[in-house]
K.L.:
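Sharing a structure below in structure tokens format, with a few things to ask.
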Amino acid sequence: SLNPTVADTKRTVSGTSTGAYNYNETTLSRSTTYHVRAYAINSVGTAYGADKQFTTTTPTPTTATLTAVNSTPSNSATVNYKVTFASAVTGLTTANFSLTGTGSGSASIGTITSNAGNTQWNIPVNTGTDGTLILNFINDNSLSTSISNLPLASTYTIDKTLPTVLINRSDPTPISDNVLDFQAIFSEVVTGVDPSDFTLTTTGGITFTTPISLTPVHLNPYPDGSVYNITVNNVTGNGTARLDLNGSGTGIADAAGNAPAAHIGDGVFDIDQTPPTVVSITPAGSSPTNATSVAFTVTFFEAVTGVDASDFTLATSGTSGSISPTISGTGTTYTITVNSVSGNGTLGLNLNASGTGIVDAANNAINGGFTGQTYTIINNTPPVISNLNGNNIAWAGVGNTASIGTGATVSDTELDALNSGNGNYAGASLTVQRNSVAITGDIFGLNASGALFTISGGNLQSGGLTFATFANTAGVLT
């Protein structure tokens, strides 16, 4: 207003002497009329000079563009924006800008600089957290020229997070195959992935003779460029294997240039290329036997599956039988039952040499057959005793001897057939007593007169060798 006083807006220039004082005002608004007068203060009071009036002009507006200088997305600590004016502009400061976006929380504008002609200005921004970083040109305050096309904005995507990876096996374990398939799934799209970026880490002497092969694949819901299938060929040996990502020199990076750290594989193969074997096939019951149903115990070196009755064949000599279709057991031990056993001789169980379908947990097929142990099968018919007087013994009087048989013979079809027809009575026994009830006072004995053996105590001998024993107890001769 006209004739302003010290109660209005004022600027103070300090001094205590006479002479001229100067002041440069830089905060005036365009197209505005101002009144100004000088004043001085001493001990007497305040004195004012004459009122001076002037009106500021309005420069011709110009236009500007705001662009991102660096590539986006970016993982840099500082990114640069560029403001280009259609004509020279001065007075540009951080107050003309603002930062917005999800990554702007800890970001800040650095020192703004211009080129020699003041038509291009560089605005550095110190980046903060991941997200969008938007520089907004929001006003032309204090600029030497007004800007006609404000506001302007330019955006970076800030990504400082390293990509991660999950490396799993593609097949179940344990495995006997000589080809191992893995799948690597990165947390985002990456480039520069090749077979040399991975290392097969093994135990137990696992080897492979051909290079690792790698193929990018499409797998929902992951974006293309984030999933890769890796194959290791010609694997031999027994042990474990996993696929690791190398920690340096891979060349793998996301769009912002972040490289993944080293990673130990998540899926481990247990490799077993050794076929299972049979430890034993043994009778589950006692032998000799006259049972019509017998069982065999089959023991494998390791747990197997696929065991059934058709995997076995009977080994017979003078016997016959049929393998039951129902078997029992799991893991390393199975029981095979043979029914309808008949005949006299031996009965064994053998594993077939091929076509069994028996495999271990790694799917290794059993290699070759196995010959099992045998039962001795004896189906007894009653022995035949000849030349005994039986119930027709004449009374000889008390204390006298009565002959109950002269030239008595014993024969047994099954025992006589043993030992290539020469007979084998080992373990056989014969008892003689009164019919129905033994009489304790009866004393039985043997008369070797004219026989092919001699008697020595309780032993029957031939050529000095004992081939049988006998005892007379409580009216029973055994």
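Source: prediction; values computed, not measured. Only heavy atoms go into these numbers, but all of them, side chains included; no hydrogens, no water, no symmetry mates.
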K.L.:
Tell me every residue that passes salt bridge (Lys or Arg N to Asp or Glu O under 4.0 Å) with Asp244, counting only those two or more places apart in sequence or in another chain.
P.N.:
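Salt bridge (Lys or Arg N to Asp or Glu O under 4.0 Å) list for Asp244, sorted by chain: Arg242.
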
K.L.:
Which residue pairs pass the ring pair (Phe, Tyr, Trp, His ring centres under 6.0 Å) test with at least one member in residues 24-77, sequence neighbours excluded?
P.N.:
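For residues 24-77, and leaving out neighbouring residues, the ring pair (Phe, Tyr, Trp, His ring centres under 6.0 Å) pairs sorted by first residue read Tyr34-Phe54.
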
K.L.:
Going by atom type alone, with no hydrogens or angles, which donor-acceptor pairs under 3.5 Å involve a side-chain atom of residues 365-377 and a protein atom two or more places apart or on another chain?
P.N.:
unit_1 : atom_1 : unit_2 : atom_2 : d
Tyr375 : OH     : Ala284 : N      : 3.1
Tyr375 : OH     : Gly285 : N      : 2.8
Tyr375 : OH     : Ala295 : O      : 2.6

K.L.:
Answer yes if the side chains of Thr127 and Lys160 hold a donor-acceptor pair under 3.5 Å, and no otherwise.
P.N.:
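Short answer, yes.
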
K.L.:
Decide ring-ring contact (aromatic ring centres under 6.0 Å, His included) for Tyr156 and Tyr81; before the verdict, give the C-alpha distance in whole Å, the side-chain angles of both, and the deciding distance to 0.1 Å.
P.N.:
CA-CA 9 Å; Tyr156 279 98; Tyr81 295 85; 5.0 Å; yes

K.L.:
When you compare the side chain of Asn96 with that of Ile138, does any pair of heavy atoms fall below 4.5 Å?
P.N.:
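Ile138 vs Asn96: side chains apart.
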
K.L.:
Can you see which heavy atom on Gln183 is nearest to which on Val217, and at what distance?
P.N.:
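Closest heavy-atom pair between Gln183 and Val217: NE2-CG2, 4.3 Å.
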
K.L.:
Could you walk me through whether Thr240 and Asp270 pass side-chain hydrogen bond (donor to acceptor under 3.5 Å, both in side chains), step by step?
P.N.:
CA-CA 5 Å; Thr240 65; Asp270 290 317; 5.5 Å; no

K.L.:
Test: ring pair (Phe, Tyr, Trp, His ring centres under 6.0 Å). Region: residues 299-329. Which pairs qualify, not counting sequence neighbours?
P.N.:
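Found Phe300-Tyr334.
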
K.L.:
Please give me the minimum heavy-atom distance between Ala241 and Thr202, naming the atom from each residue.
P.N.:
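Looking at all heavy atoms of both residues, the closest pair is CB-CG2, 4.0 Å.
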
K.L.:
Cut-off 3.5 Å, side chains only: do Thr102 and Thr132 have a donor facing an acceptor?
P.N.:
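Present: a donor and an acceptor within the cut-off.
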
K.L.:
Can you give me the closest heavy-atom contact between Ser154 and Thr67, atom names plus distance?
P.N.:
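Answer, listing the atom of Ser154 first, then Thr67: OG-C, 3.6 Å.
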
K.L.:
Check side chain to side chain donor-acceptor pair (under 3.5 Å) between Thr209 and all other residues, then give those that pass, not counting sequence neighbours.
P.N.:
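Checked Thr209 against side chain to side chain donor-acceptor pair (under 3.5 Å); matches are Asn234.
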
K.L.:
Mind running side-chain hydrogen bond (donor to acceptor under 3.5 Å, both in side chains) on Asn122 and Asn80 for me, showing each step along the way?
P.N.:
CA-CA 7 Å; Asn122 184 69; Asn80 293 281; 3.1 Å; yes

K.L.:
Kindly determine whether Leu133 and Val79 satisfy side chain to side chain contact (heavy atoms under 4.5 Å, CB included), including the steps that lead there.
P.N.:
CA-CA 10 Å; Leu133 179 61; Val79 293; 4.1 Å; yes

K.L.:
How about Ile378 and Thr289: do any of their side-chain heavy atoms sit closer than 4.5 Å?
P.N.:
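Side-chain contact under 4.5 Å: no.
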
K.L.:
Using the rule side chain to side chain contact (heavy atoms under 4.5 Å, CB included), only one of Leu349, Ile336, Asn350 pairs with Leu314; which is it?
P.N.:
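Exactly one pass, corresponding to Leu349.
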
K.L.:
Once ring pair (Phe, Tyr, Trp, His ring centres under 6.0 Å) is applied, what residue pairs with a partner in residues 239-260 remain, sequence neighbours excluded?
P.N.:
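Not a single pair qualifies under ring pair (Phe, Tyr, Trp, His ring centres under 6.0 Å).
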
K.L.:
Could you walk me through whether Asn352 and Asp311 pass the side-chain hydrogen bond (donor to acceptor under 3.5 Å, both in side chains) test, one step at a time?
P.N.:
CA-CA 6 Å; Asn352 299 335; Asp311 300 332; 5.6 Å; no

